[in-house]
Amino acid sequence: MELLEAHASAPGKVILFGEHAVVYGEPSLSLAVARRTRVSGETVGSQFTVNGFPLNPEFHAYIERAIRLHWDAVPLRLQTESEIPSGSGIGSSAALSVAINAVLLRLKRQAMPPVADVASAAFETEFATQGAASPNDTTVSTAGGGVLMSPRRLEGAEVEFLWRIQRGEREWNAHRVRIPRLPLVVGNTGMKGKTSEQVAKVRRFVEHSAFARDAIRDIGRLTLQGAEALRVGDLRRVGDLMNRNHGLLHTLGVDTPRLEQLVEAARKAPGTLGAKLTGAGGGGCMIALTEQPEECRRRLEQAGAMAFSVEASPEGLRFEQER
Ligand code: PMV
């Protein structure tokens, strides 16, 4: 019997180390978080609709792009629902790209698509929509848990190779890494940073400055040190490396005065081990690693942020029940 509807959900993420540098093939380390975006699709429409409205590239850029790239059949009636604040570096666009492509591939193939195919389709969607991107966010959202991206395939008992994604001369190898329970608090500036603009800004800097290229390489090195510190459970060192990563992101010009205030407020809170901006910057969110999450959250709120603790999500892409 032909399958007429599909439902999928995918989590958001926080980048612990390596944003921006991962666009240039350097390592990054991220963690999926327990806030999800859900997409349902039915092949019953006479025109494409999203939440009851006609599909509009202005408001539904990622969905429209996914359809253009990965769908060639009848119009779909789509519903979306998200627990992830948009445009804030917590991976809302990646989660949406994963969930919509999962629905499209499920309906198109009439069979469960391999997760690596969904990850790849979601990356293409993000890349085409943003003009530049690494497969980091879409990979983490597909795989769930802790994910280490690396320009080379890593061997060893502490990493499990997931899949490889290539584009042009670059390749990113995705690995599952076990991450200890991390008490993380997110502070949201409430200002939306546009990922494409921040990525373009860093690109201009990298093209013209050896100083910026050094910062990118330093972030890559520090990410691998962070992965090792996490593996041995040395959270003090993890915090210290987060502080250093933030300094390098500041150098790259993606920090803002508001993010800086929140990072400072978090660092002053008792129990904080480290704090940095997370995601593309230019607004959006910062994260703090802390032994006292409640206190850190309170301080961030006092500093004017919307703040919340995040739980890791071991689960990535999930196909929801088909009725
Ligand atoms: O702000 P977000 O969640 O879209 O994160 C972007 C991460 C970057 O490294 C800046 C870009 C990318 O595609 O990897």
Side-chain angles (χ1 to χ4, degrees), residues 10-33 35-37 61-62 65 82 84-98 119-120 122-143 147-151 165-168 170-174 184 186-206 212 215-217 219-220 222-223 226 245-246 248-256 259 276-287 310:
K13 60 93 207 24
V14 288
I15 301 180
L16 298 174
F17 298 105
E19 49 272 270
H20 286 291
V22 68
V23 174
Y24 301 89
E26 292 289 339
S28 62
L29 183 60
S30 311
L31 185 64
V33 300
R35 287 178 174 238
R36 303 181 75 82
T37 294
Y62 291 87
R65 187 61 74 153
S82 186
I84 311 169
S86 73
S88 54
I90 304 297
S92 61
S93 61
L96 177 62
S97 298
V98 171
S120 172
F123 170 48
E124 291 305 326
T125 301
E126 274 224 319
F127 193 97
T129 313
Q130 290 175 192
S134 80
N136 179 66
D137 296 11
T138 41
T139 297
V140 183
S141 182
T142 308
V147 172
L148 177 63
M149 301 295 274
S150 155
I165 293 186
Q166 277 172 300
R167 189 172 178 104
R170 276 195 216 297
E171 67 174 53
W172 292 266
N173 293 271
L184 290 171
V186 172
N188 188 345
T189 61
M191 295 161 174
K192 297 193 178 197
K194 220 167 169 221
T195 302
S196 55
E197 281 168 19
Q198 299 307 310
V199 170
K201 182 173 169 182
V202 172
R203 180 170 302 282
R204 285 193 295 276
F205 195 18
V206 163
I216 294 285
R217 269 191 297 272
I219 291 176
L222 179 152
T223 298
N245 193 161
H246 180 75
L248 290 163
L249 288 165
H250 181 87
T251 302
L252 287 176
V254 296
D255 195 11
T256 65
L259 275 167
K276 66 182 272 291
L277 73 86
T278 187
C285 291
M286 47 72 65
I287 47 170
V310 282

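Remember, it's 1-based here, ligands and their atoms both numbered in the order they're listed.
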Counting heavy atoms only, which of D137, T278, L277 is nearest atom 6 (C) of ligand 1?
D137
Which residue and non-hydrogen atom of the protein lie closest to atom 13 (O) of ligand 1, and at what distance in Å?
S134 N, 2.8 Å
What atoms of ligand 1 come closer than 4.0 angstrom to any heavy atom of A133?
13 (O)
Testing the 3.5 Å rule here: is there a donor-acceptor pair between the side chains of S30 and D137?
no
Numbered in order shown, the ligand 1 atoms found under 4.0 Å of a heavy atom of G279 are 1 (O), 5 (O)
Check whether any heavy atom of E126 sits under 4.0 Å from an atom of ligand 1.
no
Under 4.0 Å from ligand 1, counting heavy atoms only, is it the side chain of Q198, its backbone, both or neither?
neither
State plainly whether the residues R65 and E124 are in salt-bridge range, i.e. N to O under 4.0 Å.
no
Counting from 1, what ligand 1 atoms have a heavy atom of T195 closer than 4.0 Å?
1 (O), 2 (P), 4 (O), 6 (C)
side-chain hydrogen bond (donor to acceptor under 3.5 Å, both in side chains) partner of H250, the single match among N245, T256, D255:
D255
F123 vs F127 aromatic rings, parallel, tilted or perpendicular, using cut-offs 30° and 60°?
perpendicular
Ignoring hydrogens and angles, tell me if any N or O in the side chain of N188 forms a donor-acceptor pair with the backbone of C285 under 3.5 Å.
no
